[in-house]
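Structure, as structure tokens:
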Amino acid sequence: MAVNTHTTISPAIFYWGTPVVLISTTNPDGTTNIAPMSSAWWLGNRCMLGLGRVSQTVTNLTRTRECVLNLPSADLAPAVNRLARTTGNREAMAAQSAVSSAFKRATGYEFVADKFARAGLTVVASEVVAPDRVGECAAQMECELVGVYEFMPGAEAGAGAVALDVRVLRTHVSEGIRMEGFANRVDPEKWRPLIMCFQELFGMGEKVGGESVLARIGEENYRSLASVLDAGIERQMVEKEAVVKETAEKEIGEKNN
């Protein structure tokens, strides 16, 4: 039996290392809010975002059902740092009952109306959604919200979180990270995403392990999987709308009788 070299610990956070995402959403006044986060993962053309319920990003996204996922490279760490501990939700900062609002006040968050100006980033208009893109980010995905799921539903008021399922509608990448000879591929040896690991920012290192066995599967093979997933979601939405319509018509009929 191998010697146990591990120690049991109880971490306060479990941020093992994921890409930083700057999420763009539209404020009620039509301006664009941007917020840094890293609780995100992708499957096919979908992304699941984990966010605190009391935030301007969640408020905007659930209202408009649109966002842009901007992925900064490692050289944008200073801009991301300038956005840390900022919020676009003035009311939430003043709320006395919300646990997350109290936490933000206690840890030095401040309301900032113009996040682009604070970070020194450039506004670029999107093509199929309303929120603007972040010009300096090497990858930008215009998305629509397709699902909202409770996360930590038993948490105290203002302390819960939500998981937001978004579908990528259009992807923009800088020429510098494209793979030569391919119309739709990113070259992972050119792309250095900004990584957040236990609240510290890192740049991704060089490729390791020699040839990747998984990479022997052609990327285009995954496109058909995304199409199947989308077809299933659309079918469910149509069926749900039909049930809602049938129920409404039945209630109207009962009232008329």
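These values consider heavy atoms only, across backbone and side chains, with no hydrogens, waters or symmetry-generated copies.
Proximity of T32 to V123: side-chain heavy atoms (C-beta onward) are nowhere separated by under 4.5 Å. Residues F116 and I34 form a side-chain contact, since some pair of their non-hydrogen atoms from C-beta on lies under 4.5 Å apart. Counting heavy atoms from C-beta on, the side chains of D114 and T31 never come closer than 4.5 Å. Side-chain contact between M141 and R133: absent, with no pair of heavy atoms (C-beta onward) separated by less than 4.5 Å. Proximity of M37 to I23: side-chain heavy atoms (C-beta onward) are separated by under 4.5 Å at one or more points. For the pair L194/L201, a side-chain contact is recorded, criterion being any heavy-atom separation below 4.5 Å from C-beta on. The side-chain heavy atoms of V129 and C67, taken from C-beta on, include no pair separated by under 4.5 Å. By the 4.5 Å heavy-atom criterion applied to side chains, L83 and L22 are counted as neighbours.
Checked for salt-bridge contact, E110 and R118 meet the test: a charged N lies under 4.0 Å from a carboxylate O. No salt bridge links E220 with R185; every basic N to acidic carboxylate O contact stays at or beyond 4.0 Å. Between K207 and E189 there is a salt bridge, with a side-chain nitrogen of the basic residue lying less than 4.0 Å from a carboxylate oxygen of the acidic one.
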| said: Assess the residue pair E127 and E142 against the criterion (side-chain contact (heavy atoms from CB on, under 4.5 Å)); give the C-alpha distance rounded to whole Å, side-chain angles, the decisive distance to 0.1 Å, and a yes or no. | reply: CA-CA 8 Å; E127 296 180 358; E142 301 183 38; 3.7 Å; yes
| query | Do C137 and L76 pass the side-chain contact (heavy atoms from CB on, under 4.5 Å) test, and can you show the C-alpha distance, the side-chain angles, and the key distance before you say yes or no? | reply | CA-CA 8 Å; C137 287; L76 287 179; 4.1 Å; yes
| request: Report the C-alpha separation of E180 and R178 in whole Å, then their side-chain angles, then the decisive distance to 0.1 Å, and conclude whether the side-chain contact (heavy atoms from CB on, under 4.5 Å) test is met. | output: CA-CA 6 Å; E180 187 175 349; R178 292 185 62 190; over 6 Å; no
| request: Decide yes or no on salt bridge (charged side-chain N to carboxylate O under 4.0 Å, His left out) for E206 and R192, but give the supporting numbers first. | output: CA-CA 9 Å; E206 298 297 321; R192 291 291 180 268; 3.4 Å; yes
| task | Check step by step if side-chain contact (heavy atoms from CB on, under 4.5 Å) holds for L69 and C143. | result | CA-CA 7 Å; L69 306 181; C143 304; 3.9 Å; yes
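For N60, the side-chain hydrogen bond (donor to acceptor under 3.5 Å, both in side chains) criterion is met by T25, N27, Q56, R63, not counting sequence neighbours. Under the ring pair (Phe, Tyr, Trp, His ring centres under 6.0 Å) criterion, F198 pairs with W16, not counting sequence neighbours. Considering only residues two or more places apart in sequence or on other chains, S73 meets the side-chain hydrogen bond (donor to acceptor under 3.5 Å, both in side chains) condition with D75.
Among S24, P36, P131, the single residue meeting the side chain to side chain contact (heavy atoms under 4.5 Å, CB included) criterion with N70 is S24. Exactly one of D165, L61, T64, L49 qualifies for a side chain to side chain contact (heavy atoms under 4.5 Å, CB included) with L145. That residue is L61.
One hydrophobic cluster holds both V58 and V166 under the rule that ILVMFWY side chains link at heavy-atom gaps under 4.5 Å. Cluster annotation: Y15 is not connected to I195 through the hydrophobic network of ILVMFWY side chains, with a link wherever side-chain heavy atoms come within less than 4.5 Å. A continuous path of Ile, Leu, Val, Met, Phe, Trp and Tyr side chains, each step under 4.5 Å between heavy atoms, connects L121 with M196, placing both in one hydrophobic cluster. The hydrophobic clustering, which links ILVMFWY residues whose side-chain heavy atoms are closer than 4.5 Å, places L43 and Y149 together.
Minimum heavy-atom separation, V124 to G135: CG2-CA, 3.5 Å. Minimum heavy-atom separation, T171 to V168: OG1-CG1, 3.3 Å. Shortest non-hydrogen contact noted between M179 and P188 is CE-CD, 4.0 Å. Minimum interatomic distance between V20 and L71 (heavy atoms only, all atoms of both residues): O-CD2, 3.8 Å. Contact detail for V186 and W191: the closest heavy-atom pair is CG1-CB, 4.1 Å. Looking at every heavy atom in both residues, V68 comes nearest to S126 through CG2-OG, 3.5 Å.
Here the straight-line distance linking atom OG1 of T87 with atom OH of Y109 works out to 8.5 Å at 0.5 Å rounding. M48 contributes atom CE, which lies 12.5 Å from atom CH2 of W42 (distance to the nearest 0.5 angstrom). Summarising the geometry, atom CD belonging to E66 is positioned 6.5 Å from atom OG1 belonging to T26; distances are rounded to the nearest 0.5 Å.
With hydrogens and angles disregarded, no donor-acceptor distance shorter than 3.5 Å links the side chain of E144 to the backbone of R167.
T122 and E136 share a side-chain donor-acceptor pair at under 3.5 Å.
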